[in-house]
Amino acid sequence: MLVVNFKEFFTISSYEVVEYWSRKENGKNIDEYEVMLYNENVSQTENVIIKFKKVKDEIVVEKVQTLSYFDQQRPKNPCKICGSEMMVKENSSEEPEVYVHDCSFNGEEIEDCLRELVQNELLQDGFTQEEFERNYGVNYRDDSNKEYGFYDAQQRNTFYTIFNDSVYHTSFAGPQELRCKFCGMDEELLVVDGAFYQKCAVLTPHTNRIIHMIEARKQNELDVTKRS
């Protein structure tokens, strides 16, 4: 059976948490999610719903279904992602009609995407000014152009740069020195003036929030308005 590249069609840039549960079992914290990821590449006809658990650092995928939507303007046709015609109708007579099937996505790519999704949810809930003050430093700041550099003080050689309304992993020593604990580092590599940049899929949606935290931090650091 043909394996479909999941990341070609779905990212955390467009998703919704349908349901979330948290429980403890045998002393372990278990977070359970049901999420809908919206396909923005081929059409809005196909989306995917995933049910999974997070136990410590492990992602356990329990269900992956592709949902296809059809109505009078968009009559039933093969899935635009995998080409399958083997679909099971989920609803009755309402429109749009919803059909479900399995696109046979790459399992590792699904897990990588879900890790980024969980990190994104954690950032929305817990990436506070206090945490930023405690765990991150600022090494470049240009308020007028909204360009900033910051680094993870708890993780060696982990640098980020903000420009063009996005957050980029950054290295001046080579692409092998790019690091990030938030995302899978799958984005395209950029080389500008000898420096290596790669957009962070998890932090970029929080760009404005990070800028506000940089601008609000205590003014007791060294002058970081210019690069050394």
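Note: hydrogens, waters and symmetry copies are ignored here, and every other heavy atom, side chains too, is used. Quick note: residue numbers are just sequence positions, from 1.
Atom SG of C200 sits about 10.5 Å away from atom CD1 of I162, to the nearest 0.5 Å. With rounding to the nearest 0.5 Å, the separation of CD in E19 from CE in M36 is 11.5 Å. To the nearest 0.5 Å, the span separating CD1 on I110 from CD1 on I50 amounts to 5.5 Å. Separating the NE2 atom in H206 from the CG atom in L123 is a distance of 4.5 Å, to the nearest 0.5 Å. A distance of 5.0 Å separates CZ in R179 from CG in N157, rounded to the nearest 0.5 Å. Rounding to the nearest 0.5 angstrom, the gap separating the CD atom in E46 from the SG atom in C103 is 7.0 Å.
The two residues K63 and E34 have their closest heavy-atom pair at NZ-OE2, 3.6 Å. C180 approaches Y160 most closely through the heavy-atom pair SG-OH, 3.4 Å. Scanning both residues, P175 and L189, for their nearest heavy atoms gives CB-CD2, 3.7 Å. Among all heavy-atom pairs drawn from A173 and E177, the shortest one is CB-CG, 3.8 Å.
Between K7 and D112 no salt bridge is recorded (no basic side-chain N to carboxylate O distance below 4.0 Å).
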- Candidate pair E187 and Y168, rule side-chain hydrogen bond (donor to acceptor under 3.5 Å, both in side chains), full reasoning: CA-CA 10 Å; E187 298 292 327; Y168 292 84; over 6 Å; no

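With H101 contributing its side chain and M86 its backbone, the two residues share no donor-acceptor pair below 3.5 Å. Checking side-chain atoms of N77 against main-chain N and O of P75 turns up a donor-acceptor pair under 3.5 Å.
Tested against E32, the residues K54, K51, R23 include a single salt bridge (Lys or Arg N to Asp or Glu O under 4.0 Å) partner, R23. Of the options T161, D143, N139, T207, a side chain to side chain donor-acceptor pair (under 3.5 Å) to Y148 is made by D143 and by none of the others.
The number of heavy atoms from other shown groups lying within 6.0 Å of CD (E108) does not exceed 12. Environment of CD in Q154: crowded, with over 12 heavy atoms of neighbouring residues, nucleotides or ligands closer than 6.0 Å.
Note on ring orientation: taking the six-membered ring where Trp is involved, the planes of F105 and F6 are perpendicular (angle over 60°, cut-offs 30° and 60°).
When hydrophobic clusters are built by joining Ile, Leu, Val, Met, Phe, Trp and Tyr residues whose side-chain heavy atoms come closer than 4.5 Å, directly or via intermediates, F196 is not grouped with F159.
Connectivity analysis of hydrophobic side chains (ILVMFWY, heavy atoms under 4.5 Å, direct or indirect) links V55 to I30.
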